[in-house]
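Only one structure is covered here, and it is reproduced in the block below.
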Number of protein chains: 2
Amino acid sequence: MGQLKTAATERRSHQDFFNIAVSVDCVIFSYQDKALKVLLIKSDLKEFEGLYSLLGDLVGPDEDLEEAPYRVLQERTGLHDVYLEQVHTFGNIGRHPSGRVITTAYFSLVNSKSSNFQITHDDVSWHPVNSLKKLAFDHKIILDTCLKQLRDAVMEHPIVFNLLPEKFSLRELQDIYEAILGIELDRRNFRKRLMVKDWLVDLAEMEEDVPHRPGKLYKARPSLKKNGRAPLHIDQRLVV
Amino acid sequence: MGQLKTAATERRSHQDFFNIAVSVDCVIFSYQDKALKVLLIKSDLKEFEGLYSLLGDLVGPDEDLEEAPYRVLQERTGLHDVYLEQVHTFGNIGRHPSGRVITTAYFSLVNSKSSNFQITHDDVSWHPVNSLKKLAFDHKIILDTCLKQLRDAVMEHPIVFNLLPEKFSLRELQDIYEAILGIELDRRNFRKRLMVKDWLVDLAEMEEDVPHRPGKLYKARPSLKKNGRAPLHIDQRLVV
DNA sequence: ACAGGAATATGTACTTTTCACACATTACAG
DNA sequence: CTGTAATGTGTGAAAAGTACATATTCCTGT
């Protein structure tokens, strides 16, 4: 904002301009049962009875915008140090029935099997992204926008590891890519491309308790501090 | 925003939450004298005396967020139907000295030689992006973020035509790419890549008044309605 | 103990894309 | 009409991406 004092501005009252509430909404992705899931809460608004909505909250008066989604994540999942990426800000007049609210959407990648993870509210649950038809507010559009950005990001940046436990097999990794992109990948080419990128460390360990030949286990290269909290606009998606 | 009524929310007063002002800031790019320029205004705030800032304004109470940058462009340049792309929302607590203001940044591509273009304010002027060191507020960061996004976008999407007049030569087009990307391009490979993309229509006309062999003139393929006002989050950058 | 099943691991030929690079042509200027 | 400065075009080499088949390992069931 450059000019608080343009003529046009001064004509309007202070009251008007501080009548817009600011919120954040989090599209929290996880990977379970071979599917990409998103964390949703039952809407408690009459207008959206029976519908689910994203997890969000108003931005506090003494809270940086970027703090807010971390707080929401923390409050809702117990997780901190999650991967978050700002996606888009939605601000149509009629998007919220209770008043003027603009919202900044973030997507987050979490491992729902992490020991720290716990859902603190009964009405919050995981939903496969593919089977969602209608959400409260404009949240379906927000979700679709985030999903699109995730798909773009995932090919270029080593962020999917945030969906997985510390140790994982190449098969699990490939399954995630397939779930996110919605396409099948050739196993040999997938592994080759991945090895070229040098994102992985071979742990020289094997899967256990699988009903078939166990695969090798890998972890993400430690230098990929993908879930740090560097300013998002700088490019949190590390390019290796 | 999903839940207006969480416990945490209700504890805080209405007053608090409507104390955040919402603005937009426009990084308005043009191409002149072989350089990428950005439109800036002298800051009228004491804190930023002598510094320039981006063109922005508060979002009106009855104005869609996405309307606001179009309005700013219209008011400041006389242009409508410009190309605009939302980039990022900046909302740190201390970013505006006069109070809590979060701002959504857009970049815009305009042709400053368009007949409709006119600057309506003496303190508004073009500046080469490369020579800018310090701007008011966090506007240098905003500018850098927009420039980065422009660089990414320009390789994939046919948006640079918005910087050019209706008719242009391949040389002019290449100059723009070089100015935006900050690198030199091989002429033959550049032309080849472009022809493959099928973005151009050969006008079978020639440059005039050039001090050397004239080049052929082209225009952007009409189906690239790049400056339409489709919802930004859908993907305004047409993929051909 | 062993055979069968199911998934892992790996290499090679082919195609497409990217990149580096040189020479003939045209119009204007003097 | 000659020199200059830019336009216009093609080819070969390297790199990246794609398609594809066989051998191996471990678990399971008999």
Side-chain angles (χ1 to χ4, degrees), chain A residues 31 33-35 151-158 160 164-165 167-219 239-240, chain B residues 31 33-35 151-158 160 164-165 167-219 239-240:
Chain A
Y31 175 75
D33 311 321
K34 306 235 168 202
R151 284 183 175 144
D152 288 344
V154 113
M155 300 305 295
E156 304 290 329
H157 305 276
V160 292
L164 283 165
K167 302 174 180 186
F168 51 85
S169 67
L170 287 181
R171 158 59 51 188
E172 289 173 286
L173 195 57
Q174 182 175 343
D175 283 344
I176 288 200
Y177 274 92
E178 293 182 337
I180 292 174
L181 299 172
I183 55 174
E184 298 213 331
L185 299 170
D186 179 87
R187 188 155 37 94
R188 289 158 289 188
N189 294 336
F190 174 77
R191 294 156 107 92
K192 217 184 308 172
R193 258 206 292 174
L194 221 84
M195 290 315 176
V196 166
K197 288 197 203 286
D198 197 32
W199 291 346
L200 300 179
V201 175
D202 186 334
L203 288 171
E205 289 179 64
M206 291 300 198
E207 281 181 304
E208 281 169 32
D209 302 320
V210 287
H212 53 75
R213 172 178 176 184
K216 288 205 271 190
L217 291 177
Y218 296 82
K219 67 172 183 179
V239 188
V240 209
Chain B
Y31 175 75
D33 310 322
K34 306 234 168 204
R151 285 182 173 144
D152 288 344
V154 113
M155 300 305 295
E156 304 290 327
H157 305 277
V160 291
L164 282 166
K167 303 175 180 186
F168 51 85
S169 68
L170 286 181
R171 159 56 52 188
E172 289 175 286
L173 195 57
Q174 183 176 342
D175 283 344
I176 288 201
Y177 273 91
E178 293 182 339
I180 292 173
L181 300 173
I183 54 173
E184 297 213 331
L185 299 170
D186 179 87
R187 188 157 37 97
R188 290 158 290 189
N189 294 336
F190 174 77
R191 294 157 106 92
K192 216 183 309 171
R193 258 205 294 174
L194 245 141
M195 291 316 176
V196 166
K197 287 196 204 288
D198 199 32
W199 290 347
L200 298 180
V201 176
D202 186 336
L203 288 172
E205 289 178 64
M206 290 301 194
E207 281 181 303
E208 282 169 32
D209 302 319
V210 287
H212 53 74
R213 172 178 177 184
K216 288 205 273 191
L217 291 178
Y218 296 82
K219 66 171 185 179
V239 187
V240 209

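In this text, all values refer to a predicted model and were calculated from it rather than measured experimentally. What's counted below: heavy atoms across the whole structure, side chains too, no hydrogens, waters or symmetry copies. Quick note on labels: first sequence line is chain A, next is B, and so on, each numbered from 1.
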Exercise. Can you tell me how far the CD1 atom of A:I176 sits from the CG atom of A:L164, to the nearest 0.5 Å?
Worked result: 3.5 Å
Exercise. Once you round to the nearest 0.5 Å, how far does CE of B:M206 lie from CZ of B:R213?
Worked result: 7.0 Å
Exercise. Just how far, in rounded Å, is C1' of C:dT18 from CZ of B:F190?
Worked result: 16 Å
For this session: Return the 5'-most residue of the pair A:K192, A:E207 with respect to DNA chain C, ranking by each residue's nearest nucleotide.
Result: A:E207
Exercise. Once you round it to whole Å, what is the distance between C1' of C:dA9 and CE of A:M195?
Worked result: 10 Å
For this session: Tell me, yes or no, whether the heavy-atom count around B:R193 atom CZ, taken from other residues, nucleotides or ligands under 6.0 Å, exceeds 12.
Result: no
Exercise. Can you tell me if B:R171 uses its side chain to pair, donor with acceptor, with the backbone of B:G215 under 3.5 Å?
Worked result: no
Exercise. C:dT8 C1' sits how many Å from A:E205 CD, rounded?
Worked result: 17 Å
Problem set entry | Electrostatic pair B:K216:B:E205 at N-O distance under 4.0 angstrom | no
Exercise. Within this structure, what is the CE-to-P distance between B:M206 and C:dT26, rounded to whole angstrom?
Worked result: 10 Å
Problem set entry | Residue mapping more 5' on DNA chain D - nearest nucleotide basis, B:R191 or A:R213 | B:R191
For this session: Looking at every strand, decide which applies to A:V196 at a 4.0 Å heavy-atom threshold: base, sugar-phosphate, or nothing.
Result: nothing
Problem set entry | Whole angstrom value for the distance that separates P of C:dG30 from NE2 of B:H212 | 14 Å
Problem set entry | Side-chain-base donor-acceptor pair under 3.5 Å for A:R187 and C:dA9 | yes
Exercise. Measuring from B:E172:CD to B:D175:CG, what's the distance to the nearest 0.5 Å?
Worked result: 7.5 Å
Exercise. Which nucleotide span of DNA chain D, 5' end to 3' end, has atoms closer than 4.0 Å to non-hydrogen atoms of chain B?
Worked result: D:dA6 to D:dT11
Problem set entry | Nearest-angstrom distance from the residue atom CG of A:D186 to C1' of C:dT12 | 13 Å
Exercise. Between A:N189 (CG) and C:dG11 (P), how many Å, whole number?
Worked result: 13 Å
Exercise. Which part of the nucleic acid, if any, lies within reach of B:R193 when heavy atoms closer than 4.0 Å are counted: base, sugar-phosphate only, or nothing?
Worked result: nothing
For this session: Starting at atom CD of B:E208, determine the distance to atom C1' of C:dT26, rounded to an integer number of angstrom.
Result: 16 Å
For this session: Starting at CZ of A:F168, measure out to OH of A:Y218 and round the result to the nearest 0.5 Å.
Result: 9.5 Å
